[in-house]
Amino acid sequence: MNAPLCLVTGSTGYLGGRLVTELLAAGHRVRCMARTPAKLRDHPWADQVEIVRADALDPAAVRHALDGVDVAYYLIHALGSGPRFADTDRETARVFAEAAEDAGVGRLVYLGGLGPAAGSSARDSSPHLRSRAEVGEILLAGAVPTAVLRAAVIIGSGSASFEMLRYLTERLPVMVTPRWVTSRIQPIAVRDVLRYLVGCATLPPDVNRAFDIGGPDVLTYEQMMQRYAAVAGLRRRRVLPVPMLSPWLSSHWVGLITPVPGALARPLVESLRSEVVCHEHDIARYVPDPPEGLIGFDRALELALTRIRDADVATRWSSAATAGAPSDPLPTDPDWSGGTLYEDVREAEPAASPAAVWRVIEGIGGGNGWYSWPLAWSVRGALDRIVGGVGLRRGRRDPHRLRVGDSLDFWRVEEVVPGRLLRLRAEMRLPGLAWLEFSVTDRDGTTHYRQRALFHPRGLFGHAYWWAVFPFHGIVFGGMRRGIARAAER
């Protein structure tokens, strides 16, 4: 008898990418549904799973992806995707529920958000938590038995909630904070979340309900920051609550201090306005607690920090596509879309092997910087964050290796051909689309390095932007070419 076939949506994201590994380890067969399958190409498990292309809003494509599936994991959220995110969440949930019924899927599993207690006013819940609750209700109302897991703050290396906590605590020994730092929260370790998700694959067919999931500790956000400081070996933080800091102002403040952009920080902050504590632990009847118990908050922090120190972070919050970022592939024709394609090309023949040049190319960004005029890059990153972009603080998932789909400061890895080519797509706020491409070849024993910056302007402002920054290209891109060559030669 074949092992159950599990479909994982959101497999390019933080939890989906990790869930695939856990399902395979549990002996399940796995199919991944992705809008852009190429983003999964370089994952270590890519050759162990089936990958199908589907947009979550395309009923026919979703129905095809669900064909023959026993358990489907719905890990899709329109987090930070604009004012109509609730409409998108609602429609994708309906498409998925109907397609699952039509395909004869045996079970759906959905990870939602832990909201205020039943009976609380709707104003006590954030728009994103209300949307997640509505998605859960849509799936539960369908014909396919569904398990809805509701979690609050997830603590794990690379999670958005952990990164927000980490950077706020590390960078601000004295903090002026909003009222939400006194709200009670029940965080949960990402390992326990994954254990529950995998366990739900074998729930009895008559189970169709929501479950609250959380760790053993209930803390305020202020206590979480103080506990983080203690685990990380930092001095105790001074926290000064200020009542007039609204979620909107708080999200901008979080966006400036941490790598989490304002568009993502706002729903995270809004979800902390009210108490988010488990009101039942019924999940343990079906997925028993491990003999040693659930992972406590301090231990979850230790595990996450160890992963970061060892550069062993499997996925990050930025693994998922950034809302509003360009998604078009690199244009190869100057007449692409009937418009102009600006190009800046720099070449060099460094006195180093192609392998040495490639090591520098693949290690670019993050802590290694961009090999030219650091102040200019810092200013550009700061300006991007001021206007709501991602800035430079996302860094890298791994200090040495890149894979397609990785975020890299304010770029996204669009293509990697090991030893030969790296292409990055810009995710900073721009009046157009931009790419940065690096390649290295061996020409009759001589190493040839080529660097291209491309920009497809949008409207008159896009053209004006290119010519406004053009005078700085010699310093920025010329310096980058020289800096990469010198680093390879060393």
Side-chain angles (χ1 to χ4, degrees), residues 38-39 41-44 308-313 316 318 329-330 332 342-381 390-428 434-455 469-490:
K39 290 183 178 180
R41 187 191 69 195
D42 297 330
H43 282 259
I308 291 169
R309 282 194 296 267
D310 294 344
D312 189 24
V313 180
R316 301 176 68 215
S318 53
L330 174 71
T332 55
Y342 291 114
E343 185 177 38
D344 182 288
V345 178
R346 311 273 169 166
E347 298 179 305
E349 293 183 348
S353 68
V357 176
W358 176 253
R359 282 195 295 272
V360 177
I361 291 172
E362 193 174 18
I364 201 166
N368 294 325
W370 293 87
Y371 296 97
S372 70
W373 206 11
L375 178 61
W377 287 93
S378 297
V379 169
R380 183 65 183 86
V390 295
L392 288 173
R393 290 181 181 155
R394 293 191 303 185
R396 301 172 52 108
R397 178 191 58 83
D398 185 292
H400 307 295
R401 294 173 294 278
L402 292 173
R403 64 191 186 200
V404 171
D406 272 358
S407 61
L408 177 58
D409 292 333
F410 48 38
W411 305 89
R412 176 83 54 184
V413 178
E414 186 173 87
E415 181 60 275
V416 180
V417 180
R420 292 176 47 199
L421 173 73
L422 171 63
R423 182 185 303 136
L424 308 176
R425 188 182 73 245
E427 289 191 340
M428 74 282 277
W435 294 263
L436 186 56
E437 185 180 86
F438 307 88
S439 61
V440 58
T441 55
D442 185 331
R443 295 184 178 177
D444 299 321
T446 300
T447 299
H448 184 79
Y449 167 76
R450 189 168 188 257
Q451 171 187 302
R452 287 201 306 164
L454 300 104
F455 182 67
V469 300
F470 184 78
F472 301 99
H473 283 190
I475 300 174
V476 175
F477 295 127
M480 180 184 291
R481 177 198 61 189
R482 293 188 295 271
I484 288 175
R486 284 196 297 266
E489 289 166 353
R490 288 196 298 268

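All values reported here derive from a predicted model rather than from experimental measurement. What you see below is based on every heavy atom in this structure, not just the backbone, and it leaves out hydrogens, waters and symmetry mates.
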* Structure fact -> Heavy atoms of Gly366 and Leu408 approach each other most closely as N-CD1, 4.3 Å
* Asked: Atom CG of Asp406 and atom CG of Asp42: how far apart are they, to the nearest 0.5 Å?
  -> 8.5 Å
* So which pairs with a foot in residues 363-377 pass side-chain hydrogen bond (donor to acceptor under 3.5 Å, both in side chains), sequence neighbours left out? -> Trp370-Asp409, Ser372-Trp377
* To do: List in chain and number order the residues that pass side chain to side chain contact (heavy atoms under 4.5 Å, CB included) with Thr441, two or more places apart in sequence or in another chain; answer none if no residue qualifies.
  => Arg443, His448
* Could you tell me which residues satisfy ring pair (Phe, Tyr, Trp, His ring centres under 6.0 Å) with Phe455, sequence neighbours excluded, listed by chain and number? => Tyr465
Give the table of side-chain donor-acceptor pairs shorter than 3.5 Å for residues 355-362, with sequence neighbours excluded, one pair per line with atom names and distance.
unit_1	atom_1	unit_2	atom_2	d
Trp358	NE1	Glu362	OE1	3.2
Glu362	OE2	Leu402	N	3.1

* Does Glu349 reach the main-chain N or O of Thr446 with its side chain, forming a donor-acceptor pair under 3.5 Å? -> no
* Asked: Quick one: does Asp442's side chain get under 4.5 Å of Thr447's, heavy atoms only?
  -> no
* To do: State which residues pass salt bridge (Lys or Arg N to Asp or Glu O under 4.0 Å) with Glu415; sequence neighbours excluded, sorted by chain then number.
  => Arg41
* Worked verdict on Leu424 versus Val413 for side chain to side chain contact (heavy atoms under 4.5 Å, CB included) -> CA-CA 5 Å; Leu424 308 176; Val413 178; 3.9 Å; yes
* Asked: Looking at Ala426 and Met428, what are the two nearest heavy atoms and their distance?
  -> CB-SD, 3.1 Å
For residues 479-490, which side-chain donor-acceptor pairs fall under 3.5 Å, sequence neighbours excluded?
unit_1	atom_1	unit_2	atom_2	d
Arg482	NH1	Gly478	O	3.4
Glu489	OE2	Ala351	N	3.0

* To do: Test side chain to side chain contact (heavy atoms under 4.5 Å, CB included) on Glu414 and Glu437 and set out the steps.
  => CA-CA 10 Å; Glu414 186 173 87; Glu437 185 180 86; over 6 Å; no
* Is Arg425 reaching over with its side chain to a backbone N or O of Trp435, donor-acceptor style, under 3.5 angstrom? -> no
* Asked: Within a strict 4.5 Å, meaning less than it, do heavy atoms of the Tyr342 and Asp344 side chains meet?
  -> no
* With sequence neighbours excluded, residues passing side chain to side chain contact (heavy atoms under 4.5 Å, CB included) with Val345 -> Glu343, Glu347, Arg450, Arg452
